[in-house]
Engineer: 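Once you've had a glance at the structure underneath, I'll fire off some questions.
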Amino acid sequence: MSDLALKYKAPRGTSDLVYPESEKVEGILRVAAAELELRGYRRISTPIIENTDLFRRSIGEATDIVAKEMYTFEDQGGESLTLRPEGTAPVVRAYLERSLHARGLPQKLYYLGPMFRRERPQAGRYRQFHQIGAEAIGSPDPFIDAEIISISEALFARLGLRGYELVVNSVGCRECRPSYVRMLSSFLEGVSQQLCDECRRRSRENPLRTFDCKKESCRQALESAPAIGEQLCPACREHFTATCGHLDRLGIRFRVDERMVRGLDYYTNTTFEFQFEGLGAQNTVSGGGRYDYLAEQLGGPATPGVGFSLGIERLLMAVDAQGLDPFPGLRLDVFVAGAPGADRGRVLDIMTAVRNAGISADSDFMERGLKAQMKQADRLDARLVLIVGKDELERGEVTFRDLDQSRQWQVSLSMMMSELRDFLEGVKRDG
RNA sequence: GUGGACGUAGCUCAGUUGGUUAGAGCGCCGGGUUGUGGCCCCGGAGGUCGGGGGUUCGAGUCCCCUCGUUCACCCCA
């Protein structure tokens, strides 16, 4: 295969997840799901494709995601479908479509799976990436904002992660945000001479975005820009204060950054991000916020909601960067090796018996010699090798070989299964 | 979409001012042990030097194009 240029490769920005990394990811997802379920969140799986309009309406026509990053296609029936670029809109759509409100409020749902955005890949950014996220739909209570925020924090703690910062902000509601944006716009007009071209464009199209310009000149020009905190209406201010208070009560450290902007249009009130050190330019591992008008925008009744989503690849980058290895790869319990002269059928019988007892077992499928089989067992990191040879079979025994200790002993076939169980229990107890 | 860096065996990389059979380590396969892994020794397989074009007597080495990877911008998980 190496003499020909490979014809097919994973599409740009996508990748294959192969063991042991696949097992590590599986482990992380299990812990994440456990943290969610611990808090009463239930799993929801929505389709990977949705009607294109769902995303246009919810995320916002002017956002980069909708304007240039969606994988959109027309199916044979002429319907415009899009590979989901994010998880919240589909969940809210499902909530409305399936009348989940009838099952009690709030509906606490979590999801897990691939998302698609057509961007230029770079560290921590892929065209197909994976998120685990949760939505609490139906409650305006700041307690639930704090709960949503706390989930990522709990997961990071479980994985032993450090070196991150939680940044929170409030972007107000449909009453106070527009007047703030107008105020900011007129401020930006005043300083437009000092802004870069990019920021001048942003001042027109999405004034809040000027805050994330990295150029020193722009940052200086924005020093005296009006802050949203002072412009929030009393209700929003109260909501934000309460949310922060609840975070304090939960013992979660955070920083309020009134200039933090998030990319989706549907956010209201609370927004937040967990940013990590040492991950390169894409350092937001988890983020989210409140979206109190989203349900109505999708044609449903006014329904408040809050949620977050967390990037699995970025989480994994952080885990690796910090040298953590919370989920080592799978280990095989038993390798059944056939020594020369042994009936391979008997080897198969033994392997099958072991597997039927719920103990993982593998054997040789390359018709190799014993030496090569031992090597294979070592490579599979087997806890134990059962050597089945002519001598053993004549005596009605098998040889047990402990690869870690380099010890071996004989066991009669009748005692094999119980000896096996004892051995495995022993190694597992000793670690 | 824009910019930079890089593309030599499965992996990590060497390859002198262009010089003619393209190397190493690791990995893989086999042997050294008539039935035994990890260490050691020996052998083997595996590369049209990303692809195409050009310059040259001669190009992995120079030039152009192209594809890919990667980092950054934009933006976001």
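Small disclaimer: the values here were computed from a predicted structure and weren't measured.
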Engineer: Look at all strands and tell whether A:Q373 reaches a base, only sugar-phosphate, or nothing, counting heavy atoms closer than 4.0 Å.
Structural biologist: nothing
Engineer: Using purine N1 to pyrimidine N3 plus N6-O4 or O6-N4 for Watson-Crick, or N1-O2 and O6-N3 for G-U wobble, each under 3.5 Å, what pairs with B:U21?
Structural biologist: none
Engineer: Looking at A:D64 and A:K68, does any basic side-chain N land under 4.0 Å from a carboxylate oxygen?
Structural biologist: yes
Engineer: Using only side-chain N and O atoms of A:R84, determine if any of them is under 4.0 Å from OP1 or OP2 of B:A77.
Structural biologist: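 A:R84 to B:A77 OP1/OP2: no side-chain N or O under 4.0 Å.
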Engineer: What is the nucleic acid contact for A:G280, judged by heavy atoms within less than 4.0 Å: base, sugar-phosphate only, or nothing?
Structural biologist: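 Sugar-phosphate: the residue A:G280, judged by heavy atoms under 4.0 Å, touches backbone atoms but no base.
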Engineer: Could you tell me whether A:L315 contacts a base, only the sugar-phosphate backbone, or nothing, with contacts defined as non-hydrogen atoms closer than 4.0 Å?
Structural biologist: nothing
Engineer: Is there a side-chain contact between A:R368 and the phosphate of B:C29, meaning an N or O under 4.0 Å from OP1 or OP2?
Structural biologist: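 The answer is yes; a side-chain N or O of A:R368 sits under 4.0 Å from OP1 or OP2.
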Engineer: Starting at atom NZ of A:K68, determine the distance to atom P of B:C73, rounded to an integer number of angstrom.
Structural biologist: 14 Å
Engineer: Under 4.0 Å, counting only non-hydrogen atoms across every strand here, what does A:A377 touch: a base, just sugar-phosphate, or nothing?
Structural biologist: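 Result for A:A377 = nothing.
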Engineer: Can you tell me if the side-chain N/O atoms of A:R117 get under 4.0 Å from OP1 or OP2 in B:C74?
Structural biologist: no
Engineer: Find which nucleotide of RNA chain B each of A:S406 and A:R209 is nearest to by heavy atoms, and output the residue with the more 5' nucleotide.
Structural biologist: A:S406
Engineer: Consider the side chain of A:S309, meaning its heavy atoms from C-beta on, and name the nucleotide among B:C76, B:G68, B:A77 that approaches it most closely.
Structural biologist: B:A77
Engineer: Touch check for A:E392, heavy atoms < 4.0 angstrom, all strands: base, sugar-phosphate only, or nothing?
Structural biologist: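 Result for A:E392 = base.
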Engineer: Nearest of B:G37, B:C74, B:A72 to any side-chain atom of A:A281?
Structural biologist: B:A72
Engineer: RNA chain B: A:N283 or A:K390, which has the more 5' nearest nucleotide?
Structural biologist: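 Closer to the 5' end of RNA chain B: A:K390.
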Engineer: Would you say A:R379 places a side-chain N or O within less than 4.0 Å of OP1 or OP2 belonging to B:C28?
Structural biologist: yes
Engineer: Side chain of A:Y126: nearest nucleotide among B:A77, B:C75, B:G3?
Structural biologist: B:A77
Engineer: Judged by atom type as modelled, is there a donor-acceptor pair below 3.5 Å linking the side chain of A:S203 to the main-chain atoms of A:L188?
Structural biologist: no
Engineer: Considering only side-chain heavy atoms of A:A372, which listed nucleotide, B:G37, B:G30, B:C74, is closest?
Structural biologist: B:G30
Engineer: What is the distance, rounded to the nearest whole Å, between atom CE of A:M260 and atom P of B:C76?
Structural biologist: 11 Å
Engineer: Let's go through A:D257 and A:R255 carefully: what are the C-alpha distance in whole Å and the side-chain angles of both, what is the deciding distance for salt bridge (Lys or Arg N to Asp or Glu O under 4.0 Å) to 0.1 Å, and is it a yes or a no?
Structural biologist: CA-CA 6 Å; A:D257 180 353; A:R255 176 170 64 85; 3.7 Å; yes
Engineer: Could you tell me whether A:R262 contacts a base, only the sugar-phosphate backbone, or nothing, with contacts defined as non-hydrogen atoms closer than 4.0 Å?
Structural biologist: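 Answer is sugar-phosphate: A:R262 comes under 4.0 Å of backbone atoms only.
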Engineer: Does B:C49 pair with anything, Watson-Crick or G-U wobble, both distances under 3.5 Å, and if so, with which nucleotide?
Structural biologist: none
Engineer: So what does A:K371 touch, heavy atoms closer than 4.0 Å: a base, only the sugar-phosphate, or nothing?
Structural biologist: base
Engineer: Just the rounded figure in Å: distance from P of B:G37 to CG of A:L370.
Structural biologist: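 In whole Å, B:G37 P lies 8 Å from A:L370 CG.
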Engineer: Across all strands shown, which nucleotide pairs with B:G37 by Watson-Crick or G-U wobble geometry, both distances under 3.5 Å?
Structural biologist: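 Pair assignment: B:G37 / none.
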Engineer: Side chain of A:Q122 only, heavy atoms from C-beta on: which candidate in B:C73, B:G37, B:G35 is closest?
Structural biologist: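 Nearest to the side-chain atoms of A:Q122, counting from C-beta on, is B:C73.
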Engineer: OP1 or OP2 of B:U69 less than 4.0 angstrom from a side-chain nitrogen or oxygen of A:R12, does that happen here?
Structural biologist: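 For B:U69, OP1 or OP2 has a side-chain N or O of A:R12 closer than 4.0 Å.
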Engineer: So, applying salt bridge (charged side-chain N to carboxylate O under 4.0 Å, His left out) with A:E50, which one of A:R93, A:R57, A:R84 is it?
Structural biologist: A:R93
Engineer: Quick check on side chain to side chain contact (heavy atoms under 4.5 Å, CB included): which of A:Y111, A:Y41, A:Y110 does A:E135 satisfy it with?
Structural biologist: A:Y111
Engineer: Write down the partner of B:C62 under the Watson-Crick or G-U wobble criteria, each distance required to be under 3.5 Å.
Structural biologist: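 Because both required distances fall under 3.5 Å, B:C62 counts as paired with B:G54.
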Engineer: Using the ring centroid of each side chain, check whether A:F156 and A:Y164 are separated by less than 6.0 Å.
Structural biologist: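 Between A:F156 and A:Y164, the centre distance is under 6.0 Å.
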Engineer: Whom does B:G68 pair with, Watson-Crick or G-U wobble, provided both distances fall under 3.5 Å?
Structural biologist: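 B:C6 is the nucleotide pairing with B:G68.
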Engineer: Suppose we define a pair by two distances each less than 3.5 Å, Watson-Crick or G-U wobble; what does B:C76 pair with here?
Structural biologist: none
